[in-house]
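Letters go in sequence order (proteins before strands), and every chain restarts at 1.
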Number of protein chains: 2
Amino acid sequence: MGAALIPLAEVLNRLTKVFREEGYDSATLSRLSQATGLGKASLYHYFPGGKEEMAKAVLERSNQRFHEMVIAPLCSDAPPGERLDKMIDNLDAYYAGGEESCLLGVLAMGGNVGLFHEHIKQGLASWMRSLADVLKQAGFADDEAQIRAEDAIFRIEGALLVGRGLGEAAYFRRMLAQLKRQMVQVTTQ
Amino acid sequence: MGAALIPLAEVLNRLTKVFREEGYDSATLSRLSQATGLGKASLYHYFPGGKEEMAKAVLERSNQRFHEMVIAPLCSDAPPGERLDKMIDNLDAYYAGGEESCLLGVLAMGGNVGLFHEHIKQGLASWMRSLADVLKQAGFADDEAQIRAEDAIFRIEGALLVGRGLGEAAYFRRMLAQLKRQMVQVTTQ
DNA sequence: GTCTATACACCGATAGAC
DNA sequence: GTCTATCGGTGTATAGAC
């Protein structure tokens, strides 16, 4: 023995799946060991800090992938409307049409949320900022852009939560379609 | 010994607090025992089905209280706009201005969500229906009313999730204020 | 109706061989 | 870098006295 059985990236992929589906508390070392094909002691070789370090590594990587897929398109030089549409399309892909839960949301609603506050903040802050910036460029005042950015995030996280709670993914896509129409829509009254 | 130390209703209150703050998986019998002041064996006297039965009892009771505080005002004979305002005010009270998590949401994002699908559906369905009915009475077409009802629920659950994840309750109240203005607002474009 | 004491499985984590 | 074996602790749940 001695050679790595699977690349570290693949280990992280499989850990991510378990944490996302089962949450921090239910994701036991036995499950994580089984999912990766590595013994518990081998997991401690990669993550000396144990389960907590695994979850944080997985959340960091998830934030990074989210940044590439969802946030980066908001920073292109395309017209604001196109950038928002691209974000929404990529959200659909990222969450597999609502079939997959939000890891950040799962950890946020778990019993050990305190362990992850900083990682969660890091994951949400740049998204919120980039989204608000695009809305400003689309012509909204600073306050209105900020409110709309927060609001879009609430709807996305809320739809994923409801979908998971009911075991029904369809809510997510319906919400995304709405969002596409309303994101830059002007309101009256 | 023999006499009940505290009424069952108070036992349920304290169990609710633990499940809402820590989630199903982190809420250990030791914590539940400590929070109620009852020994583990006494908890099994009230809930022979153990932790699962405790969580279901607590969720049922939470749904019931939610119905009284939030859904019932939607069914009064006041004008639709007033009914919606009343719901929003009571949501603020129910969630203590965003300081308290949504028990249903916590269980929905936990690792044993499958145990609670039916209870979650029961909790969300009548809310969604009552909300959509009010919006129809406010003049929206059936489809539009349904969409708006779902959307409001997504925003509420999403704001509670983000608030919990960041340890920052203020998002919730800001969202509620927005919701009050937009719920029956007509859109253009 | 409440308690103490306990059963037994599994938890997260570590030691040490290869 | 991986494993088996094992540690001490805690998990859910139960038995049985009062």
_Would A:Asp151 and A:Arg148 count as a salt bridge (charged side-chain N to carboxylate O under 4.0 Å, His left out) here? Give the steps._
CA-CA 5 Å; A:Asp151 204 64; A:Arg148 282 185 178 236; over 6 Å; no
Which whole-number value in Å describes the distance from [X] [atom1] to [N] [atom2]?
X        : N      : atom1 : atom2 : value
A:Lys51  : C:dT14 : NZ    : C1'   : 17 Å
B:Leu29  : D:dT14 : CG    : P     : 11 Å
B:Leu43  : C:dT4  : CG    : P     : 13 Å
B:Leu32  : D:dT10 : CG    : P     : 16 Å
A:Leu115 : C:dG12 : CG    : P     : 13 Å
A:Arg31  : C:dC10 : CZ    : P     : 14 Å
A:Gln34  : C:dC11 : CD    : P     : 11 Å

*Have a look at B:Ser42 and say if it touches a base, only the backbone sugar-phosphate, or nothing, with a 4.0 Å heavy-atom cut-off.*
base
*How is B:Gly49 classified with respect to the nucleic acid when contacts are heavy atoms under 4.0 Å: base, sugar-phosphate, or nothing?*
nothing
*Might you point out which heavy atoms bring A:Ser130 and A:Ile71 nearest each other, and give the distance in Å?*
OG-CG2, 3.4 Å
OP1 or OP2 of [N] sitting under 4.0 Å from any side-chain N/O of [X]?
X       : N      : value
B:Tyr44 : D:dA13 : yes
A:Ser30 : C:dC11 : yes
A:His45 : D:dG1  : yes

*So, B:Glu60 and B:Lys56, do they make that salt bridge, N to O below 4.0 Å?*
no
*salt_bridge(A:Glu82, A:Lys86) N-O dist < 4.0 Å*: no
State whether the side chain of [X] and the backbone N or O of [Y] hold a donor-acceptor pair below 3.5 Å, judged by distance alone.
X        : Y        : value
B:Asn90  : B:Met69  : yes
B:Ser42  : B:Leu38  : no
B:Arg164 : B:Ser101 : no

*Just one of B:Asp85, B:Asp89, B:Asp92 clears the salt bridge (charged side-chain N to carboxylate O under 4.0 Å, His left out) bar with B:Lys180, so which one?*
B:Asp89
*asked:* What residues from residues 7-25 of chain B pass a heavy-atom cutoff of under 4.0 Å to DNA chain C?
replied: none
Distances under 3.5 Å only, N/O to N/O: pair up the protein atoms with those of nucleotides 5-7 of chain D.
none

*is_close_aromatic(B:Phe154, A:Phe154), centroid dist under 6.0 Å*: no
_Judged by each residue's nearest nucleotide on DNA chain C, which is more toward the 5′ side, B:Leu5 or A:Glu52?_
B:Leu5
*Which nucleotide in the list C:dG12, D:dG11, D:dT2 gets nearest to the side chain of B:Thr28?*
D:dG11
